[in-house]
Amino acid sequence: MLQQTQVSRVAERFEVFVGQFPSASAMAAAGEEAVVAAWEGLGYYRRARLLYGAAVQICELHGGKVPRSTEALLALPGVGRYTAGSVASIAFDRRTPIVDGNVIRVVARLEAIDAAIDDPALVTRCWETAGALVRAAKSPGVLNESLMELGATVCKPGPPSCDRCPVRTQCAASRTGVASQIPRPKRRPVRQIVHLHTILFRRGDRVLLRQRPHRGIWAGLWELPSVESADSLESAAIETALGFKVGGLRPLETFKRLLTHREVRFHVFEASTRVRRGHWCDQAEAAKLAMAKPMRSLVDRRAWS
DNA sequence: AACTCGGGGTC
DNA sequence: GACCCAGAGTT
């Protein structure tokens with residue numbers, strides 16, 4: 001849950017989530033869709049599916065207990081070098097290094113390496129340094145957490161608080177006054193604009209929902225039937241792409257949401273025509289299905305009245 | 001090696 | 001608006 005997600009965001013959700021899935025076997029029994037639904041709003045939803053896969057694997061291969069070795073952890077779905085090292089060192093006291101965004105920033109400054117934060121050579125160097133530090137530490141878990149905490153609270157992105165830094169005298173970037181310029185920012189791709197034409201079908205207290213394709217943005221999450229395109233579409237084109245007759249679309253609203261790689265422009269319509277087939281949900285049923293944040297807000301705003 | 005995958009905090 | 005977040009998996 002902490003992957004690419006700020007601790008404060010996780011802290012709001014962690015207790016409820018763990019209460020719902022208190023063990024690997026409980027998560028495996030609950031099923032993937034329940035895990036994704038519990039993940040709603042956290043983003044990067046593939047993590048939820050991978051976590052479910054890890055729970056299944058832990059049950060089938062490890063008797064329901066989280067494996068203690070870094071290698072076995074690394075073999076679990078969704079567990080990479082960072083996550084394996086974190087669990088191994090912090091939970092199981094293994095002498096394994098970790099490198100996250102915080103550690104990269106700390107090491108880049110300590111050693112005054114002028115490179116972008118995602119530069120592969122810098123990242124490799126960080127694993128080496130983190131390895132040397134954890135080998136020399138009294139407690140691997142405490143060392144690893146300390147490195148991250150230092151990066152999160154003192155050696156922050158932007159101007160660091162070197163005056164409060166416990167290792168300032170050992171920091172090459174601080175000595176030469178370049179700490180605030182290291183590491184360099186990651187180059188970001190231009191955000192592509194995507195138009196999402198979203199159609200509200202209502203029938204009494206029910207609304208028509210469907211599941212998004214299993215790849216791409218919001219993969220496998222539920223939505224009001226939608227047509228995605230590079231440009232905004234006329235009603236006729238929306239009907240064609242939708243695959244069934246709509247017979248009149250009334251525009252309701254438009255809004256925009258920014259994701260890391262996309263700018264999603266919503267064009268919301270209401271259809272007057274009745275559609276018989278499909279997944280018609282009342283409010284309680286819809287509440288149990290995983291939706292992306294903007295889609296959930298839209299449904300809550302428009303579907304029940 | 002580059003790309004894809006959310007949503008929000010912070011400046 | 002830029003930049004980042006206790007990254008991993010795919011192409």
Side-chain angles (χ1 to χ4, degrees), chain A residues 1-14 36 39-54 73-91 96-108 115-124 126-127 130 141-153 155-161 180-192 194 196 212-221 223 255-264 290-297:
Chain A
M1 197 178 277
L2 284 162
Q3 291 165 359
Q4 287 291 285
T5 301
Q6 284 159 353
V7 174
S8 57
R9 308 295 302 146
V10 172
E12 301 166 351
R13 303 287 298 270
F14 186 75
V36 177
W39 200 268
E40 183 173 299
L42 283 166
Y44 286 167
Y45 296 94
R46 183 171 48 174
R47 294 180 297 172
R49 301 186 193 278
L50 292 166
L51 179 59
Y52 167 77
L73 287 163
L74 203 48
L76 296 172
V79 177
R81 203 174 174 187
Y82 164 78
T83 304
S86 292
V87 175
S89 65
I90 296 170
T96 310
I98 60 173
V99 171
D100 71 337
N102 291 306
V103 177
I104 294 172
R105 194 166 49 249
V106 169
V107 173
I117 192 164
D118 61 343
D119 183 285
L122 171 60
V123 175
T124 298
C126 288
W127 279 101
V142 171
L143 182 281
N144 285 340
E145 287 220 62
S146 302
L147 271 180
M148 293 190 291
E149 193 68 10
L150 182 64
T153 62
C155 198
K156 307 183 297 270
S161 308
S180 65
Q181 304 161 50
I182 291 179
R184 292 205 296 256
K186 175 170 14 179
R187 238 202 306 278
R188 306 204 182 256
V190 291
R191 218 169 348 227
Q192 300 291 328
V194 175
L196 199 61
R212 290 183 56 80
H214 74 283
R215 350 180 9 133
I217 195 81
W218 300 322
L221 301 196
E223 65 172 4
F255 59 92
K256 173 170 81 173
R257 286 294 178 275
L258 298 178
L259 309 182
T260 301
H261 293 81
R262 302 232 167 92
E263 174 180 327
V264 185
M291 293 183 205
K293 197 84 168 187
M295 191 61 69
R296 174 67 72 192
S297 321

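Quick note on labels: first sequence line is chain A, next is B, and so on, each numbered from 1.
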Base, sugar-phosphate, or nothing: which does A:R49 touch, judged by heavy atoms less than 4.0 Å apart? nothing
The side chain of A:Q4 lies closest to which of these nucleotides: B:dC5, C:dA6, C:dC5? C:dC5
Could you work out which one of B:dA1, B:dT4, C:dA8 sits closest to the side chain of A:P120? B:dA1
Give the rounded distance in Å between these two atoms: CG of A:D118 and P of C:dC5. 11 Å
Ignoring hydrogens and angles, state whether a donor on the side chain of A:T260 or A:R188 is under 3.5 Å from an acceptor on the partner side chain. no
Using a 4.0 Å heavy-atom cut-off, does A:R191 contact any base of the nucleic acid, only the sugar-phosphate backbone, or nothing at all? nothing
Let me know the distance between CZ of A:R215 and C1' of B:dC3, rounded to the nearest Å. 12 Å
With respect to the phosphate group of C:dC3, does any side-chain polar atom (N or O) of A:K186 fall under 4.0 Å of OP1 or OP2? no
Just the rounded figure in Å: distance from C1' of B:dT4 to CD of A:Q3. 14 Å
With respect to the phosphate group of B:dG7, does any side-chain polar atom (N or O) of A:Y45 fall under 4.0 Å of OP1 or OP2? yes
Determine whether a donor-acceptor pair (N or O, by modelled atom type, separation under 3.5 Å) exists between the side chain of A:R105 and the backbone of A:I117. no
What's A:L42 touching, base or sugar-phosphate or nothing? Going by heavy atoms closer than 4.0 Å. base
Tell me if a side-chain donor or acceptor on A:T5 pairs with a main-chain N or O of A:Q3 at a distance below 3.5 Å. yes
Does B:dG6 have OP1 or OP2 under 4.0 Å away from a side-chain N or O of A:R9? no
Rounded to whole angstroms, how far apart are CG on A:L150 and P on C:dA6? 13 Å
Among C:dC4, C:dA6, B:dG8, which is the nearest nucleotide to the side chain of A:D100? C:dA6
Quick one: does A:T5 reach the base of B:dG7 with a side-chain donor-acceptor pair under 3.5 Å? no
Reading DNA chain B from 5' onward, which residue's closest nucleotide shows up sooner: A:P294 or A:P189? A:P189
Above 12 or not: heavy atoms from other molecules or residues under 6.0 Å from CZ of A:F255? yes
Select base, sugar-phosphate, or nothing to describe what A:V103 touches, counting heavy atoms under 4.0 Å on all strands. nothing
Taking only the side-chain heavy atoms of A:R188 (C-beta and beyond), determine which of C:dC3, B:dG7, C:dA6 contains the nearest atom. C:dC3
For C:dT11 and B:dG6, measure between their P atoms and round to the nearest Å. 15 Å
Please state how far atom CG in A:N144 lies from atom C1' in C:dG7, giving the value in whole angstrom units. 16 Å
C:dA8 and B:dG9: how far apart are their P atoms, nearest whole angstrom? 24 Å
Please classify the nucleic acid contact of A:G101 as base, sugar-phosphate, or nothing, using heavy-atom distances under 4.0 Å. sugar-phosphate
Is A:R105 near enough to C:dC4 that one of its side-chain N or O atoms lies under 4.0 angstrom from OP1 or OP2? no
Check every strand shown and say whether A:A152 touches a base, only sugar-phosphate, or nothing at a heavy-atom separation below 4.0 Å. nothing
Report the distance from atom CG of A:L258 to atom P of C:dG1, rounded to the nearest whole Å. 8 Å
Look only at the side chain of A:R191 and the backbone of A:L259, and say whether a donor-acceptor pair between them is shorter than 3.5 Å. yes
Winner on side-chain proximity to A:Y44, out of B:dC5, C:dA8, B:dG7, is B:dC5
Please classify the nucleic acid contact of A:G216 as base, sugar-phosphate, or nothing, using heavy-atom distances under 4.0 Å. sugar-phosphate
Could you state the atom-to-atom distance from CH2 of A:W39 to C1' of C:dG7 in whole Å? 12 Å
Short question: side chain of A:R212, backbone of A:E223 - any donor-acceptor pair under 3.5 Å? no
Base, sugar-phosphate or nothing for A:T83? Non-hydrogen atoms, less than 4.0 Å. sugar-phosphate
Across the strands shown, which category fits A:S86 at heavy-atom distances under 4.0 angstrom: base, sugar-phosphate, nothing? nothing
Rounded distance in Å - CG (A:D119) to C1' (B:dA2): 14 Å
Using the side-chain heavy atoms of A:R46, tell me which of these nucleotides is nearest: B:dG8, B:dC5, B:dG7. B:dC5
Quantified in whole Å, what is the P atom distance between nucleotide B:dC11 and nucleotide C:dA6? 14 Å
Minimum heavy-atom distance A:I98-A:Y82, with the two atoms named: CG2-O, 3.7 Å
